[in-house]
Every structure is written in C-alpha cells, then in structure tokens.
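The next block holds one structure in the form of structure tokens; read it before the comments.
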Amino acid sequence: MSALGSSWSRRRAAVAAEAAAEERALHEAAIEAEQAALAEKTDDEILEELGLPDPDSLEMGDDFKAFMAKSVPGHLRKRALRKLWRSNPVLACVDGLNDYDDDYLTGSTGQGAIKTTYQVGKGMLAHLLEIERQQNAVAAEDEVDDGPENEVADTVDPVVLTASDEVPEAEVDDTPHMPAPRRMQFQFEDQTA
C-alpha cells in the first residue's frame, strides 16, 4: 500500500515540477522578448518606459533597487551600480581586508629563477648538514678556548637583578600565554533525600 501511495506522490511531484518549469520558461521568454524590444530603443526611452530615473542623476540615499529588476537591461543596471559606488564613500572605501586586493603575480613573474636549497629526493639535507657542521665547529672552538681561567668564571654566582636594574628588551617575554585547560567538574545533589 505504501508503494502505491509513494508512486502517486512521486507522480504529483513530477507534474508540479513540470508546471513550475513551464512557468519559468514562459517568464524567461517574456523577459527575453522585452529585452529584445528594449534593445532597439535609446536609454532615455527605456528609462521612460520602465518609469525609472536617469541613473546619473541619483545621489546617496536614493533607491537603487528598481534598477536590479530583471526587466532592466544590463547596461543600465551597471550604470546605476557605478553611480551607487561613487555616491557613497563608505561603499567605495577599500579597507584592505579583501583577499583579492594583493597582486600575487609579482612573486612569480619577472623575478627570475627562485633559488632554494631543496634537493629532489633529499629535501633540504645539504643545508641541514652545513648548519650542523658549523655548530660542531663552534662547539670545537669553545672546547679549545676553555682553559683554567674559564673554570673560575664558571664558579661565580649568577648576578641577581634588583628592581632598579634595567632588563634588556630582548630578554623580556611579552607574548601572551594561553591559560591552562580546565576540566568540567560536576556536583550531584544527594539522591537519597
């Protein structure tokens, strides 16, 4: 019984979808015929026929919604939108938050070949080996420089800073620290009461 009911429901939905598609097609055909008729007329005649003001005469605060109707030709809609953007300085303000504002081609064109230490199959191995070699050389120099006079310097107590001493800015850590994560704690009332 449910299969029979579902087939009728599907058929009703299909008929409704066909009717909506036909109505949409008729509406689009009417708009296309209207656009074709308006294409032969001048802008002033089109504006007079549609009952719209001249887009160039609009100012900030005027209603631009009438130009967004589908019956308005695209070139008049663009003229109205240009006037809208020029009329309101807030709309024309570029705040720099748009991702597409930057020119991303400058890094890839006109710069020549990009040099890198990356090696296919090895990654950045040569670069890392060179850094390790330099660190080993510095460590070897420190071992050679360590003598009896340096041993005395290592036994001296560390310097204690007082409030009047200035701490170099490089040593001050101003980065905000994230608070330690907290766990939820539940307390239940006595269930026997």
Side-chain angles (χ1 to χ4, degrees), residues 17 24 28 55-56 58-70 72-193:
R24 210 175 313 121
E28 289 174 3
D56 296 328
L58 296 174
E59 296 177 359
M60 185 170 72
D62 290 339
D63 189 19
F64 288 84
K65 290 180 189 174
F67 288 95
M68 299 303 118
K70 289 186 177 183
V72 177
H75 68 280
L76 288 177
R77 185 178 303 121
K78 287 180 184 176
R79 275 180 55 192
L81 285 173
R82 278 192 213 110
K83 186 63 178 177
L84 172 66
W85 298 130
R86 279 188 253 131
S87 69
N88 193 345
V90 173
L91 296 175
C93 176
V94 178
D95 56 5
L97 297 176
N98 298 329
D99 291 337
Y100 50 81
D101 280 348
D102 292 334
D103 185 9
Y104 293 105
L105 293 177
T106 57
S108 62
T109 59
Q111 302 293 327
I114 298 173
K115 296 181 180 180
T116 179
T117 59
Y118 179 79
Q119 295 176 354
V120 178
K122 295 182 182 178
M124 309 261 305
L125 183 63
H127 177 66
L128 296 174
L129 291 174
E130 178 63 23
I131 291 174
E132 184 179 357
R133 187 194 62 77
Q134 290 175 357
Q135 289 175 347
N136 291 340
V138 169
E141 287 178 9
D142 287 345
E143 288 178 8
V144 170
D145 289 342
D146 284 344
E149 62 275 356
N150 289 339
E151 291 177 8
V152 175
D154 291 338
T155 60
V156 176
D157 291 334
V159 177
V160 177
L161 295 176
T162 61
S164 62
D165 294 336
E166 293 184 17
V167 178
E169 290 184 21
E171 295 179 11
V172 177
D173 185 19
D174 289 337
T175 58
H177 297 288
M178 295 296 296
R182 296 179 11 190
R183 293 188 153 197
M184 294 177 65
Q185 296 179 355
F186 298 98
Q187 297 177 358
F188 298 100
E189 294 180 10
D190 188 25
Q191 303 239 346
T192 58

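The structure presented is a predicted model; accordingly, all values stated were derived computationally and were not measured.
Residues Phe64 and Ser87 share a closest heavy-atom pair of CZ-OG, 4.4 Å. For Met68 against Arg77, the heavy-atom pair with the smallest separation is CE-CG, 3.8 Å.
Leu58 places a side-chain heavy atom less than 4.5 Å from the side chain of Phe67. In this structure, Gln135 and Ile131 have side chains that are in contact, with non-hydrogen atoms separated by less than 4.5 Å.
Checked against salt bridge (charged side-chain N to carboxylate O under 4.0 Å, His left out), Arg182 has no partners two or more places apart in sequence or in another chain. The side-chain contact (heavy atoms from CB on, under 4.5 Å) test applied to Glu132 returns Leu129, Asn136, not counting sequence neighbours. For Ala66, the side-chain contact (heavy atoms from CB on, under 4.5 Å) test picks out Leu52, with sequence neighbours left out. Residues satisfying the side-chain hydrogen bond (donor to acceptor under 3.5 Å, both in side chains) test with Gln134, not counting sequence neighbours, are Glu130. Among residues two or more places apart in sequence or in another chain, the salt bridge (charged side-chain N to carboxylate O under 4.0 Å, His left out) test is passed with Glu28 by none. Residues passing the side-chain contact (heavy atoms from CB on, under 4.5 Å) test with Asp56 are Asp54, Arg79, sequence neighbours excluded.
Interatomic distance, Leu128 CG to Arg133 CZ, rounded to the nearest 0.5 Å: 13.5 Å.
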